[in-house]
Amino acid sequence: FHLMLLNGPKLEKRQLQLMRIVDIATDLFALSAAVGRARALGEGKELADLFAREAKERIGASFRAIRRNTDTPTRRLARHVLAGDAKWIEKESV
């Protein structure tokens with residue numbers, strides 16, 4: 001939500017950032033569902049704990065990638081390819 005407030009409509013153009021935010025939200029939802037299910041059943045706590053640890057790592061990586069990423073050079077290269085400035089890729093590709 002912070003990014004949405006900070007960037008407003010510009011965030012729509014930043015699809016890679018949106019993808020990271022969606023990944024974070026998905027992991028948080030799945031994490032809460034796994035923990036809730038384990039508590040409701042009274043079993044599976046070890047599995048839920050392992051899932052929580054892995055989700056925490058993915059969430060942390062996604063948050064770090066929001067600040068430090070290669071989005072700018074990736075977009076720049078994509079614009080060159082779409083403009084036809086990289087025809088050599090077509091010739092060299094197998």
Side-chain angles (χ1 to χ4, degrees):
F1 293 113
H2 173 73
L3 285 173
M4 288 182 218
L5 291 173
L6 184 65
N7 295 294
K10 291 189 295 184
L11 190 59
E12 183 179 337
K13 296 178 182 176
R14 302 186 72 171
Q15 293 179 11
L16 296 173
Q17 294 290 52
L18 283 172
M19 179 188 67
R20 293 179 185 104
I21 293 167
V22 168
D23 286 346
I24 291 167
T26 300
D27 266 327
L28 289 173
F29 174 78
L31 174 59
S32 64
V35 169
R37 183 73 173 161
R39 284 187 179 170
L41 293 176
E43 57 185 326
K45 291 179 183 174
E46 288 179 10
L47 181 60
D49 182 60
L50 178 60
F51 181 79
R53 290 171 190 265
E54 291 175 347
K56 181 181 175 185
E57 291 298 319
R58 287 189 303 270
I59 291 167
S62 292
F63 271 118
R64 285 187 298 277
I66 287 173
R67 298 231 185 268
R68 295 186 65 202
N69 56 61
T70 59
D71 293 355
T72 300
T74 299
R75 281 192 301 273
R76 188 179 315 119
L77 178 60
R79 281 193 298 271
H80 288 299
V81 170
L82 290 173
D85 296 339
K87 295 288 185 184
W88 63 269
I89 293 175
E90 295 173 13
K91 294 176 185 174
E92 298 295 324
S93 296
V94 176

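Just so it is clear, the values below take in all heavy atoms, side chains as well, and ignore hydrogens, waters and symmetry mates. Bear in mind the structure is a predicted one, so any value in this text is a computation, not a measurement.
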Chemist: Inspect the contact between Arg20 and Asp71 and indicate whether a charged nitrogen and a carboxylate oxygen are less than 4.0 angstrom apart.
Modeler: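 Counted as a salt bridge, because a side-chain N and a carboxylate O are separated by less than 4.0 Å.
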Chemist: What are the two closest non-hydrogen atoms of Gln17 and Ile66, and how far apart are they?
Modeler: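 Of all heavy-atom pairs spanning Gln17 and Ile66, the closest is NE2-O, 2.9 Å.
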Chemist: Do you know the tightest heavy-atom contact between Glu57 and Arg64?
Modeler: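 Between these two residues, the closest heavy atoms are O-NH2, 4.3 Å.
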Chemist: Do Ile24 and Leu28 have side chains that approach each other closer than 4.5 Å (heavy atoms only, starting at C-beta)?
Modeler: yes
Chemist: Just verifying a value: how many Å separate Leu77 CG and Thr72 OG1, rounded to the nearest 0.5 Å?
Modeler: 12.5 Å
Chemist: May I ask you to list the residues sharing a hydrophobic cluster with Phe29, side-chain cutoff 4.5 Å, ordered by chain and number?
Modeler: none
Chemist: Can you give the donor-acceptor pairs under 3.5 Å from side chains of residues 36-52 to other protein atoms, not counting sequence neighbours?
Modeler:
| residue | atom | partner | partner atom | Å |
| --- | --- | --- | --- | --- |
| Asp49 | OD2 | Arg53 | NE | 2.9 |
| Asp49 | OD2 | Arg53 | NH2 | 3.4 |

Chemist: Taking only residues at least two apart or on different chains, which pairs with a member in residues 23-33 satisfy side chain to side chain donor-acceptor pair (under 3.5 Å)?
Modeler: Asp27-Arg58
Chemist: Taking the side chain as every heavy atom from C-beta outward, state whether Met19 and Leu16 have any pair of such atoms under 4.5 Å apart.
Modeler: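 Yes. Closest side-chain heavy atoms under 4.5 Å.
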Chemist: Please round to the nearest 0.5 Å and tell me the distance separating atom CZ of Arg75 and atom NE2 of His80.
Modeler: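 Answer for the CZ-NE2 pair, Arg75 versus His80, is 13.0 Å.
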